[in-house]
Amino acid sequence: MRTYLVTGGAGFIGSNYIHYMFKKYDNEIRIINVDALTYAGNLENLKSVEDRENYTFVKADICDREAIEAVFAANDIDRVVHFAAESHVDRSIRNPEVFVRTNVLGTAVMLNCAKAAWELPDGSFKADKKFLHVSTDEVYGSLPEDDEAFFYETTPYAPHSPYAASKASSDMLVRAYMDTYRFPANITNCSNNYGPYQFPEKFIPLMINNALQGKPLPVYGDGKNVRDWLYVEDHAKAIDMVQEQGRLFETYNIGGHNEKQNIEILDIIIETLQGMLPAEDPRKALVSRDLITYVEDRKGHDRRYAIAPDKIKEQIGWYPETMFKEGIKKTIAWFFENEEWMKNATSGDYQKYYTEMYENK
Ligand code: NAD
Ligand code: TDX
């Protein structure tokens with residue numbers, strides 16, 4: 001039975017990945033989820049798996065070397081899937097240091113502990129041990145908007161935000177481990193995800209939540225920045241396929257060829273909400289394009305991201321299965337069915353964050 005150490009499994013993509021893996025492998029695998037439970041970590045995301053015999057949660061900070069060493073000492077870990085990170089660009093602009101700490105130092109600790117646990121006396125590694133570092137397309141910088149250019153695995157790194165710079169640094173550390181020690185790893189660089197359990201500081205859940213309350217929909221700048229949106233379950237599947245079928249020491253880009261301007265996404269959200277809300281639901285009257293409010297642009301706002309997923313498609317046979325219109329319906333249906341989740345996520349500190357972030361916009 002393979003044992004997985006998943007970091008950041010209580011966050012958005014990590015929890016979707018854990019659900020995906022148990023759906024796929026059921027009792028054939030064991031998962032140990034290590035998460036510090038920052039504002040973005042939520043154990044409610046994992047309620048339906050918490051009683052499984054083959055699932056364990058460990059509350060620990062990935063920067064805490066002793067805590068991570070203890071997890072490796074107590075378990076024969078076969079796979080590390082490293083999601084844990086500070087992930088929100090706007091927060092990185094306001095408070096970069098915690099991004100450097102978690103994303104760079106935390107990744108160094110994870111690499112070092114895995115290396116120590118897996119290394120043999122001759123400097124080679126135990127058989128069939130693998131580390132997958134989950135990263136982002138933001139490391140490649142920004143593409144021109146009228147161009148047909150895409151991000152490839154060979155595109156030079158040019159990160160702009162402190163978040164992107166910290167992720168680029170962590171990718172470089174993983175590359176250094178592979179180049180220096182032949183450490184058995186892969187890196188995946190994925191485009192923007194959306195789906196269930198996404199924290200409502202990110203564009204799509206924030207807009208769904210605001211629209212349903214008739215609150216302004218704050219669009220940065222001219223609303224024409226382009227992102228390449230991927231349904232989160234497709235990302236989870238890609239990670240598993242890369243780890244099992246990818247070539248070790250290589251990077252794989254993951255993306256959907258689903259480029260859309262932010263304002264287009266907002267139109268689709270409004271239209272879909274209108275279509276899904278029954279006539280008698282009082283929220284139906286609140287959801288409207290009139291809520292769209294153009295606000296001050298994000299500092300250093302990258303104009304366009306677009307992944308070319310050719311390599312993963314050709315080598316591994318992965319492709320995005322969920323069309324955006326279907327994925328957004330599933331996402332909205334999930335938010336309708338999980339109103340309590342949204343209420344809990346937006347209570348307490350979220351209100352403070354929202355006021356500070358948007359009050360002067
Ligand atoms: P998230 O913010 O929803 O979740 C991050 C998780 O990491 C949380 O559970 C949090 O508690 C945990 N965490 C944070 N700091 C920690 C620390 N010091 N020690 C242990 N745990 C800690 O993030 P997400 O959107 O799920 O992103 C997961 C990963 O995927 C990140 O590495 C991110 O860079 C990458 N990624 C995200 C996207 C996206 O669109 N969201 C796209 C590409 C790549
Ligand atoms: O209120 C908003 N208004 C707005 O116009 C917010 C929160 C965002 N935006 C814009 C900024 C971006 O152009 O929407 C777009 C998407 O913004 P985010 O959801 O913050 O995502 P982004 O900055 O593109 O980064 C995301 O994708 C790559 C994730 O947060 C990262 O973790 C991932 O690596």
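Whatever order the structure lists ligands and atoms in, that order sets their numbers, starting from 1.
- Some N or O of E138 is nearer than 3.5 Å to an N or O of ligand 2, by distance alone.
- Between Y358 and ligand 2, a contact under 3.5 Å exists for at least one N or O pair.
- Distances from atom 17 (O) of ligand 2 to the heavy atoms of Y305, F203, Y354, Y163 show the closest one on F203.
- Looking at A67, A164, A84 and measuring to atom 22 (C) of ligand 1, the nearest heavy atom belongs to A84.
- Which parts of ligand 1 touch A60 is read off a 4.0 Å heavy-atom cut-off, strictly below it: atoms 19 (N), 20 (C).
- A donor and an acceptor atom, one from each side chain of H133 and T107, are nowhere located under 3.5 Å apart.
- The shortest N or O to N or O distance between W229 and ligand 2 is not below 3.5 Å.
- Outside the 6.0 Å centre-distance limit, the rings of F324 and Y231 are not counted as a close aromatic pair.
- Of all the atoms in ligand 1, the ones that sit under 4.0 Å from a non-hydrogen atom of K167 are 31 (C), 32 (O), 33 (C), 34 (O).
- Not one N or O of V89 is nearer than 3.5 Å to an N or O of ligand 2, by distance alone.
- One finds a salt bridge joining D76 and K129 here, because a Lys/Arg side-chain nitrogen approaches an Asp/Glu carboxylate oxygen to under 4.0 Å.
- Close approach to D61 involves these atoms of ligand 1, each under 4.0 Å from a residue heavy atom: 17 (C), 18 (N), 19 (N).
- The side chain of Y163, and not its backbone, has at least one atom closer than 4.0 Å to an atom of ligand 1 (non-hydrogen atoms only; side chain from C-beta on).
- Less than 4.0 angstrom separates some heavy atom of F83 from each of these atoms of ligand 1: 28 (C), 29 (C), 31 (C), 32 (O).
- A donor and an acceptor atom, one from each side chain of R94 and Y353, are nowhere located under 3.5 Å apart.
- Polar contact with ligand 2: absent for D137 (N/O pair, distance under 3.5 Å).
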Working for salt bridge (charged side-chain N to carboxylate O under 4.0 Å, His left out), residues E339 and R283: CA-CA 13 Å; E339 278 179 46; R283 293 173 299 180; 3.7 Å; yes
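- With rounding to the nearest 0.5 Å, the separation of NZ in K343 from OH in Y350 is 15.0 Å.
- In the vicinity of N262, heavy-atom distances shorter than 4.0 Å reach the ligand 2 atoms 10 (C), 12 (C), 13 (O), 14 (O), 15 (C).
- Closest heavy-atom approach to atom 5 (C) of ligand 1 among the candidates G8, A85, S87: A85.
- Here H82 has no heavy atoms under 4.0 Å from ligand 1, in either its backbone or its side chain.
- The part of L37 lying near ligand 1 is the backbone, judged by heavy-atom distances below 4.0 Å.
- Close contacts of ligand 1 with S135, meaning ligand atoms under 4.0 Å from a residue heavy atom, involve 43 (C), 44 (C).
- Not a single N or O atom of M207, backbone or side chain, sits closer than 3.5 Å to an N or O atom of ligand 2.
- For a threshold of 3.5 Å applied to N or O pairs, the pair formed by R298 and ligand 2 contains at least one separation below that value.
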